[in-house]
Amino acid sequence: LVDRAAARWGRLDVLVNNAGRTVRIAHDDLDAVTPDVWRSILEVNLIGTWSVTRAAVPHLRRDGGGTIVNVGSLAGERPMGSSIPYAVSKAGVHHMTRFLAATLGPDIRVNAVAPGLVDTPWTESWDDLRELVKEMAPLQRSGMPDDVAEIVVALVRGQYVTGIVVLVDGGLALR
């Protein structure tokens, strides 16, 4: 994937790791969180992010440096989210972001966004969570994809920013 993108456009400047997977499981339902659930979520959210990053780093370095933006989650910063494995996987993405920023600088900047609930086809049936966010978040709504994309673009452009995780949650973490 990375090699094909670099070949098609002649270089690689930006990587956005935006793949994700979850399963909604009540946090107190420990029996529902099987090793298979853990593996499937960690494989996509954490190991997938690592694998694509590792493949992109030689291109980013060769092409004069670049930036990586990982998509984490508010659940990676606070004990909340669709399931414990999801939250743990996103906490791992956040820590990996900070670790890689310290390791890959000055050539490559690495940051992350941590969205709260975002209205997408994936979450369209999550009306209970949407109502909770509306009640609790200071901005009284769940996010839209453009809300997150706007911050991703800002992190790509911000030449003196690395190693941060930006919450994009309408202030939900404040409550």
Side-chain angles (χ1 to χ4, degrees), residues 14-30 32-54 56-57 67-105 108-123 126 128-130 132-134 136-139 141-156 158 161-175:
V14 176
L15 169 64
V16 178
N17 283 305
N18 189 36
R21 170 168 172 44
T22 194
V23 177
R24 277 191 77 185
I25 301 172
H27 297 172
D28 63 354
D29 189 357
L30 302 184
V33 181
T34 64
D36 287 339
V37 169
W38 276 102
R39 283 186 204 96
S40 70
I41 292 172
L42 290 173
E43 184 68 38
V44 173
N45 297 357
L46 191 57
I47 297 170
T49 297
W50 170 259
S51 298
V52 177
T53 298
R54 206 170 132 233
V57 164
T67 187
I68 299 168
V69 179
N70 295 321
V71 178
S73 172
L74 175 60
E77 295 290 315
R78 303 284 188 273
M80 58 189 339
S82 54
S83 67
I84 291 173
Y86 176 79
V88 169
S89 74
K90 293 302 187 171
V93 167
H94 297 177
H95 195 64
M96 180 175 23
T97 296
R98 294 176 183 111
F99 212 114
L100 288 172
T103 302
L104 299 176
I108 300 170
R109 295 179 304 103
V110 186
N111 294 293
V113 293
L117 181 63
V118 177
D119 289 339
T120 67
W122 188 18
T123 63
W126 297 10
D128 57 328
L129 293 179
R130 196 170 291 100
L132 186 63
V133 169
K134 187 176 180 181
M136 293 182 63
L139 296 185
R141 68 175 177 87
S142 50
M144 300 302 292
D146 284 350
D147 295 322
V148 179
E150 181 177 43
I151 303 307
V152 170
V153 170
L155 289 172
V156 168
V161 178
T162 196
I164 65 163
V165 177
V166 178
L167 300 181
V168 186
D169 68 347
L172 183 60
L174 299 171
R175 303 278 164 89

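Because the structure is predicted, anything quoted here is derived from the model rather than measured.
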For atom CH2 of Trp50, is the number of surrounding heavy atoms from other residues, nucleotides or ligands below 6.0 Å larger than 12?
no
Q.
For the backbone of Met144 and the side chain of Asp147, can you confirm whether one donor and one acceptor N or O come within less than 3.5 Å of each other?
A. yes
So salt bridge (charged side-chain N to carboxylate O under 4.0 Å, His left out) across residues 96-105, not counting sequence neighbours, yields Glu77-Arg98
**Request:** Check for a donor-acceptor pair, side chain of Lys90 on one end and backbone N or O of Val71 on the other, with a separation under 3.5 Å.
**Result:** yes
Of all heavy-atom pairs linking Thr22 and Ser83, the shortest is OG1-OG, 3.8 Å
Correct closest heavy-atom pair for Asp29 and Ile25 would be O-CG2, 3.9 Å
- Query: Hey, are the side chains of Val69 and Leu15 touching, using non-hydrogen atoms and a 4.5 Å cut-off?
  - Reply: no
Closest non-hydrogen contact found for Gly171 with Pro138 is O-CD, 3.2 Å
Are any of the side-chain heavy atoms of Pro145 and Thr120 separated by less than 4.5 Å?
yes
Sequence neighbours excluded, the answer for side chain to side chain contact (heavy atoms under 4.5 Å, CB included) partners of Leu46 is Leu42, Val93, Met96
**Study point:** Asn111 side chain to Ile68 backbone, donor-acceptor under 3.5 Å
**Key:** no
Those residues at least two apart in sequence (or on a different chain) that pass side chain to side chain donor-acceptor pair (under 3.5 Å) with Asn18 are none
Nearest heavy-atom approach of Ala87 to Ala75 is CB-O, 3.3 Å
Tell me whether the count of non-hydrogen atoms from other residues, nucleotides or ligands lying under 6.0 Å of NE2 in His94 goes above 12. yes
Closest heavy-atom pair, Leu117 versus Ser142, reported as atoms and distance to 0.1 Å, is O-CB, 3.4 Å
Output for pair (Met80 CE, His27 NE2), nearest 0.5 Å, gives 8.5 Å
Nearest heavy-atom contact between Gly20 and Asn45 is CA-OD1, 3.1 Å
**Prompt:** Taking side chain as C-beta onward, heavy atoms only, is Trp38 less than 4.5 Å from Ile84?
**Reply:** yes
Verify whether one side chain among Asn17 and Thr49 offers a donor that lies under 3.5 Å from an acceptor in the other. no
So the salt bridge (charged side-chain N to carboxylate O under 4.0 Å, His left out) pairs with at least one residue in residues 109-120 (sequence neighbours excluded) are Asp119-Arg130
task = Taking the side chain as every heavy atom from C-beta outward, state whether Val165 and Val113 have any atom pair closer than 4.5 Å.
result = no
Separation between CG (Asn70) and CG (Leu155), nearest 0.5 Å, reads 10.5 Å
Review point. Going by the angle between their ring planes, with limits at 30° and 60°, are Trp126 and Trp122 parallel, tilted or perpendicular?
Key: tilted
| Side-chain donor or acceptor of Thr162 paired with backbone N/O of Val110 under 3.5 Å | yes
- Query: Under 3.5 Å, side chain of Thr123 to main-chain N/O of Val118, donor-acceptor pair present?
  - Reply: yes
Applying side chain to side chain contact (heavy atoms under 4.5 Å, CB included) to Ala91 and not counting sequence neighbours gives none
Hey, are Asp169 and Arg175 close enough for a salt bridge, meaning a charged N less than 4.0 Å from a carboxylate O?
-> no
Applying salt bridge (Lys or Arg N to Asp or Glu O under 4.0 Å) to Arg24 and not counting sequence neighbours gives Asp128
